[in-house]
Structure formats: C-alpha cells, structure tokens
Amino acid sequence: MPELPEVETVRRGLATWVVGRRIASVEVRHPRAVRRHVPGPEHFAAAIAGRTVVDVRRRGKYLWLPLDSGDAVLGHLGMSGQMLLQPADAPDEKHLRVRFGFADEGPELRFVDQRTFGGLALSEGGADLPAEIAHIARDPMDPDFSDTAFVAALRRRRTEIKRALLDQSLISGVGNIYADEALWRARLHGLRPTDALTRPAVGRLLGHVRDVLAAATDEGGTSFDALYVNVNGESGYFDRSLAVYGREGLPCRRCAAPIRREPFMNRSSFSCPRCQPRPRGAARG
DNA sequence: CGCAGGCCCTGGTAGC
DNA sequence: TGCTACCAGGGCCTGC
C-alpha cells in the first residue's frame, strides 16, 4: 500500500524527527526485518550504533538514512511497514521489528511491520545512493527524471501500459493504487499496449501520474485502515479523493458509469468501462 | 535480453 | 459460533 506519496510523507516526518541525532542502540526484534542485510542482524546493529543520522532520502518507494559514516540505513515499507517515533517507555507494538534508541534519550524510532514484506538493511557507502537500489529508476518527482527518456523507453516496451507503470526499473514510486488513478485521469485502459501509444499520449499519462502523486502527497497519502500511517501514527486523507481504486460499482466521477473491477496479476484493477474502453483483442477479465 | 508469473507474509473478512 | 478460504500487494527470483 505505501507508494510514493506515503513514503514521502514518512520521509518528511523522519527528516523532522531524526536528522542530526546520534543513534545509541539498535535492537533487531525479528531477523526477517533485516533479511536483506546479508552479514546478519548483529552486524546490522553494530554498524549503526554510535552513528549520527545526517539526512533522509527517498527514491521511488525506498527510503534511506545517510549516516555520518558514509553508510546508510536503507528501508522499504513493503505493504505494511511503519516508521514510528515513540517515547522510549511506550509499550512495544505487536509487530515491532527493529528499535533505534538515540543518545539524546528522546523519542525512539521503531520499524513496525505486520506482514514483513518490508525490511531494513545497512548499505555500505550508500549515503548518496545505495548500490542496492541502483536498478530502481528515478521517480517522476525527481528533478533529474527525464520525461523524454521515459516516453521513449516506455514506447520501446512490448507490454501493457499498467505493467509498465508498475515496473520500478522504468519509473519508480507508482503502485497499484496510483497506476489505476493515473490511467483513469488519462482515459486509458491498463491493458493498452505500450508500443501503440503515441508520444503525446504517454506524455499526458506521465503528467497525470505526477499530478496524482503530488495531490496525494499533499493529503498525507492514502490509507484504508490503520496499516499505513505517518511517523506520528496518523493516517492520510487521499482515499477520499480516489476516482476508481476500491470503488467497484460506484459511479464514475466523470460519466457516472459504474466502476469495474478486473483481475490483474493476482490483484485487482479498477477502471471506468466508458471512459477507459478495453483495447481490441484484450481478454476479458 | 525482455517479459511473465510465482512466491513471500499475516490479519481481516466473507462464507459456510 | 468456529472454522476455512481468500484477499491485499512490492519486489526478488526464476524460467521461458
């Protein structure tokens, strides 16, 4: 569920609360949370303890905390990951995975993750950009994202447009929710073949992707339940603004046709049957 | 190489 | 009531 707007909301919260603070202790409560850190949980904890957080950065759905050692704590929230600032004496969350205590004895940083798809790792020398995520494309809010290169790369693909939007090596930060929302705004069905889209059509779609990501970030992200929250445990409000996602059977906000839901990659796609006609030859869901 | 699909997880809920 | 089945889904990995 956390896509770019949700991760950016968390990044901003962390930037406010942890930059400039020295980490005094690291406690890994569940080894799966640091499974991407090959040297293991003990190494993870030892390499971070004593270091100061100097920044909080993001690319797509990945976050990282550059440390004064030149390394970085790299994190992904997966589906249910949370980064929470909590008083040190607050009771442990049920799904607390990693706890960071600070030398100033102020609020702790806690990584909480119910479904454990998320995780943390120490990226050696990764303060600027962790090598582990070098394959992740820039996201569309990155000032160095190239629109023309994206349009060209997308049109070279031999796949469907929604699959391309979800491909983090082509454009990062977009997940199932915002892909559906951007496609609705662009009046494109997700099964449209990428190589049949014109440059202007892809350019318009990219504009809608950017618009919906920006609007959702302004609202603090989207949340349907208590799983996604910012660092203070608060939910965003963008779910009120969704046009198609999760709105099966409800009227399209443009034309009032009932929103349809179709199976897609073991999950669901939502679209308007009138504004977003299924392309010729595409199998019915 | 590009692309498609399986798998990892667990809490909530629908259905019987 | 209590059980089971299913669903949510991002990214890594494998196989074609």
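Within every chain, numbering begins at 1; the chains are lettered A, B, ... in the order of the sequence lines, protein sequences first and strands thereafter.
When the C1' atom of C/dC6 is taken as reference, atom CZ of A/R261 falls 11 Å away, rounded to whole Å. Rounded to whole Å, the distance from CG on A/D113 to C1' on C/dA8 is 14 Å. When rounded to the nearest whole Å, the span between CG of A/N266 and P of C/dC6 equals 12 Å. Rounded to an integer number of Å, the gap from CG of A/L120 to C1' of C/dG10 is 16 Å. The distance from atom CG of A/D139 to atom C1' of C/dG10 is 16 Å, rounded to the nearest whole Å. Regarding A/Q114, its CD atom lies at a distance of 15 Å from the C1' atom of C/dG10, rounded to whole Å. Atom pair A/R115:CZ and C/dA8:P shows a separation of 11 Å (rounding to whole Å applied).
Checked against side chain to side chain contact (heavy atoms under 4.5 Å, CB included), A/A137 has no partners two or more places apart in sequence or in another chain. Checked against side chain to side chain contact (heavy atoms under 4.5 Å, CB included), A/R187 has the following partners two or more places apart in sequence or in another chain: A/R254. Among residues two or more places apart in sequence or in another chain, the side chain to side chain donor-acceptor pair (under 3.5 Å) test is passed with A/R267 by none. Residues passing the side chain to side chain contact (heavy atoms under 4.5 Å, CB included) test with A/P258, sequence neighbours excluded: none. Take A/D113 and apply the salt bridge (Lys or Arg N to Asp or Glu O under 4.0 Å) test, not counting sequence neighbours, and it matches no residue. Partners of A/T16 by side chain to side chain contact (heavy atoms under 4.5 Å, CB included), not counting sequence neighbours: none found.
From the 5' end on, the contacts that DNA chain B makes with chain A at under 4.0 Å to a non-hydrogen atom open and close at B/dC3 to B/dG11.
The side chain of A/H76 contributes no N or O atom lying less than 4.0 Å from OP1 or OP2 of C/dG10.
Applying the ring pair (Phe, Tyr, Trp, His ring centres under 6.0 Å) rule to pairs touching residues 120-147 of chain A yields A/F145-A/F150, sequence neighbours excluded. Sorted by first then second residue, the salt bridge (charged side-chain N to carboxylate O under 4.0 Å, His left out) pairs that include residues 64-86 of chain A, not counting sequence neighbours, are A/R51-A/D68. Sorted by first and then second residue, the pairs that involve residues 74-129 of chain A and meet ring pair (Phe, Tyr, Trp, His ring centres under 6.0 Å), not counting sequence neighbours, are A/Y62-A/H76.
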Taking only nitrogen or oxygen atoms into account, show me every contact under 3.5 Å that the protein makes with nucleotides 12-15 of chain C, one pair per line with its distance.
residue	atom	partner	partner atom	Å
C/dC12	OP1	A/Y62	OH	2.6
C/dC12	OP2	A/H135	NE2	3.1

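Shown for residues 144-162 of chain A: residues whose heavy atoms fall under 4.0 angstrom of DNA chain B, namely A/R157, A/R158, A/T159.
Using a 4.0 Å heavy-atom distance criterion, A/D167 is classed as making no nucleic acid contact.
Salt-bridge formation is not detected for the pair A/D139/A/R59: no Lys NZ or Arg NE/NH1/NH2 atom is positioned less than 4.0 Å from an Asp or Glu carboxylate oxygen.
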Legend entry - Candidate pair A/E93 and A/Q82, rule side chain to side chain donor-acceptor pair (under 3.5 Å), full reasoning: CA-CA 11 Å; A/E93 291 76 7; A/Q82 304 174 343; over 6 Å; no

